[in-house]
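A quick write-up on the structure given underneath.
Note that the numbering runs from 1 along the sequence shown for the chain. What you see below is based on every heavy atom in this structure, not just the backbone, and it leaves out hydrogens, waters and symmetry mates. Note that the coordinates shown come from a computational prediction; the quantities given were computed from them, not determined experimentally.
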Amino acid sequence: MKILAAVSIFGLAAGPAFAWNHKTDFRGLEIYDHENGTVDLQIICDPNGAFIPPIFSAEVAFNGIAYEGDMVLKTDAGTFTALAVNGGVSAKDATGWANLINAFRSSADIELTAGNQTYQVDTGTPFPVSCGAAE
């Protein structure tokens, strides 16, 4: 029985433990969350124009604290940069927004550097939608 429990625990640890969680709110906003205990991401997409103009934003937090500043996201597809202001990245910064979304769409395994800290983020699957970013 102990061997079975050890194999079960190892099996859980070997696969992606955290993936994108998705829900649609009452206004039609598509909300995607990824949390791993250290890095918390929430991406909000407005594909049906619940707001005029539509809103697209991402909140980034480390250890529960909203981050502000430059971010570098590295994937097999390349290096992407974005600037978090007031705890997030907005589609109002079209280049930064496209970089953030395209980084998460290009891979599930991302090296995220914010300030002087680097985090390995495994979202389980790449981000599923363009969320207002230029493709």
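- Of the residues listed (T81, D93, V89), the one engaging N99 in a side chain to side chain contact (heavy atoms under 4.5 Å, CB included) is T81, and it is the only one.
- Considering only heavy atoms from C-beta on, I110 stays 4.5 Å or farther from K74 through its side chain.
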Exercise for the section: Determine, step by step, whether S57 and S90 satisfy the side chain to side chain donor-acceptor pair (under 3.5 Å) criterion, reporting the C-alpha distance in whole Å, the side-chain angles of both residues, the deciding distance to 0.1 Å, and the verdict. Expected result: CA-CA 4 Å; S57 65; S90 167; over 6 Å; no
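- Using a 4.5 Å cut-off on side-chain heavy atoms (C-beta onward), M71 and L83 make no contact.
- Using a 3.5 Å distance cut-off with no hydrogens or angles, the side chains of T113 and T118 do pair a donor with an acceptor.
- Judged by distance alone, the side chain of D33 and the main-chain N or O of W20 form no donor-acceptor pair under 3.5 Å.
- The closest side-chain heavy-atom distance from V39 to L112 is below 4.5 Å.
- Using a 4.5 Å heavy-atom cutoff, the side chains of Y32 and C131 are not in contact.
- In this structure, CD in E111 is found 11.0 Å from CG in D76, a value given to the nearest 0.5 Å.
- The shortest heavy-atom contact between H34 and V121 is NE2-CG1, 3.8 Å.
- You'll find the side chain of L100 reaches within 4.5 Å of the side chain of L73, heavy atoms only.
- No side-chain donor-acceptor contact under 3.5 Å links W97 to the backbone of A58.
- Between I31 atom CD1 and T24 atom OG1 the span is 8.0 Å, to the nearest 0.5 Å.
- Counting only heavy atoms from C-beta outward, the side chains of E59 and L41 never approach each other to under 4.5 Å.
- Only one option out of V129, I101, V60 pairs with I43 in a side chain to side chain contact (heavy atoms under 4.5 Å, CB included); it is I101.
- In the hydrophobic clustering of this structure, F104 groups with Y119; members are Ile, Leu, Val, Met, Phe, Trp, Tyr whose side-chain heavy atoms approach within less than 4.5 Å, directly or through other members.
- Once rounded to the nearest 0.5 Å, the distance linking CD of Q120 with OG1 of T38 reads 12.0 Å.
- G49 approaches P54 most closely through the heavy-atom pair CA-CG, 4.1 Å.
- The two residues C45 and F127 make their nearest non-hydrogen contact at SG-CZ, 4.2 Å.
- At a threshold of 4.5 Å between non-hydrogen side-chain atoms, the residues Y67 and D40 do not count as touching.
- Across F80 and A103, no two heavy atoms sit closer than the pair CD1-CB, 3.4 Å.
- The distance from the NZ atom of K23 to the CD atom of E30 is 11.5 Å, given to the nearest 0.5 Å.
- N63 and G37 make their closest contact through OD1-O, 4.1 Å (heavy atoms, listed as atom of the first residue, atom of the second, distance).
- Smallest separation of non-hydrogen atoms from G28 and P47: O-CD, 4.1 Å.
- Under the 3.5 Å distance criterion, the side-chain polar atoms of N48 are left unmatched by any main-chain donor or acceptor of A50.
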